There are 2 protein chains.
Amino acid sequence: MSESRYLERGERILDAAAELVLRWGYRRVTIDEVAKLAGIGKGTVYLHFKTREALFLAVLIRDSLGLFDQMIAAIQADPAELLPHRQARRVYLGVMGRPLLRAMFSRDSDVLGALAHETSIARLTEMKLDLTGELYGLLREHGLVRTDLDIPAQQYALGAIQTGFYLVDPMMAGKHELDLESRADALATVIRNCVEVAGTPDPDLLRALASKIIALFEQLRLVMVAGVHGTPPKGD
Amino acid sequence: MSESRYLERGERILDAAAELVLRWGYRRVTIDEVAKLAGIGKGTVYLHFKTREALFLAVLIRDSLGLFDQMIAAIQADPAELLPHRQARRVYLGVMGRPLLRAMFSRDSDVLGALAHETSIARLTEMKLDLTGELYGLLREHGLVRTDLDIPAQQYALGAIQTGFYLVDPMMAGKHELDLESRADALATVIRNCVEVAGTPDPDLLRALASKIIALFEQLRLVMVAGVHGTPPKGD
DNA sequence: CGATGACCAATTATCAAATCTGGTCACGAG
DNA sequence: CTCGTGACCAGATTTGATAATTGGTCATCG
């Protein structure tokens, strides 16, 4: 089978898995049903993904990749997008607009079930943490973030703030009336007030940083792409 | 039975319930065992608390009351304690230092189980929300908090930030090395940066506000006290 | 050579019997 | 008379043995 046909079939499998997960939740979706919906035999699924877990992890990764590409494009279009509050806002909106990612971030155990707590997710989260670590290192070097908190404390605070914005909604049972955009704006304001310095950053500096930061993103992107599809038979 | 003896017995029941909940978790604790540990008969428990749920709710409320009194005392001792970042810090340390409250705030379903999601807790949370609403109203009137976010957005952000600091720990599986104090400091810094205005507030203003705010606290305190014990027989 | 579905071990769903427990209340102690 | 108690009951929960499902493999076939 040609590599392009192989990849196309992999996409069909991922499409099927994504649809079924959204419809019935992770726990209820069987490999058999995914195969059926993709119009192939069950064994064929295993030519693409070593285990059930790997398949659904790939679904999540593929969804994340879309958001990733959006981030890169946005920074390329406007380097000011690399500022923490702009990124936080964009990620928030991007996650909330993708049902699978939203389920993962809000620990929606009904849709994603155990998958969200699996070890394989941990590696992704860890890599993402490393990325933001390097990213804030860069921003700090160039005087774009505050230093009133030391680095571990600042990272911790950033993690806590974002965790909070992703998890608070289900807990405030209808007690607030903020639409998606307002919540994203609130998050952006908080992040800006907490970690960014006052004043408008130098556009030249931003442009220079943009390329470096995009390089970081691309690096992680490659790791993630590798995680989506297996290799075609005979190729390994 | 004298009222004081009645109340003392109620405390013994609460002590027993608290100890057993911490030892075995909400789900596994039976009224029978609570009664046995308190050295009384099972029926007697029901002279104090209408239902099992009410009993454990009272345990939680009693624990909260301790923290509440600490808050009031702190503001009385130093009116600057009424500033949001000081309060957030104190509440955080107070909650983390009380196993039952910590379990509730961190949604530790192993210890508290379903109780944390019960409706009766919701009323408490709602009252607490009302309190913070009025509290921030007061602070706003006197120019102590920012207005770069409108009130609903600011309340939402505050809720999200605090939610985050209470929930992020179990998610960052050992990936950070911040002790309790540092985390509390980080929370305080975030809150100050996000909702307080720059500069040192006028001590006279703080003193004047302190009494009003303490009045608010006392008001909620009374509601909570009423929720701890039932009334002695013949008294109702 | 790649795709497939029959096949297997192991997990998970089912369901009735047995056990437990929240809540009541008739009774007995004082 | 009042207050405390534990036997009692209905409903919920656990148990355990059985049946059904399903992740993953691989001999077979096109």
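In what follows, every chain begins at residue 1, and chains take the letters A, B, ... in the order their sequences are listed. Everything numeric in this text was worked out from a predicted model, so none of it was measured.
Between A:F49 atom CZ and D:dT25 atom P there is a gap of 15 Å when expressed in whole angstrom units. We find that CG of A:L7 is positioned 16 Å from C1' of C:dG2, with the value rounded to whole Å. Put simply, OH on A:Y6 is 13 Å from C1' on C:dA3, counting in whole angstrom units.
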Encode nucleotides 18-30 of chain C as B, S and - characters from 5' to 3', where the letter depends on protein heavy atoms closer than 4.0 Å: B to the base, S only to sugar-phosphate, - to neither. ---SBBB------
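Considering B:E11, B:E3, B:R9 in turn, B:E11 is the only one that fulfils the side-chain hydrogen bond (donor to acceptor under 3.5 Å, both in side chains) rule with B:H229.
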Side-chain polar contacts of residues 212-224 of chain B - donor-acceptor pairs under 3.5 angstrom, sequence neighbours left out - could you list them?
unit_1, atom_1, unit_2, atom_2, d
B:R221, NH1, B:D69, OD1, 2.5
B:R221, NH1, B:D69, OD2, 2.9

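Using cut-offs of 30° and 60° on the angle between ring planes, the pair A:Y166 and A:Y92 is tilted.
Taking a 6.0 Å sphere around CZ of B:R5, one finds it holds 12 or fewer heavy atoms contributed by other residues, nucleotides or ligands.
Looking only at atom types and distance, the side chain of B:S182 has no donor-acceptor partner in the side chain of B:D185 under 3.5 Å away.
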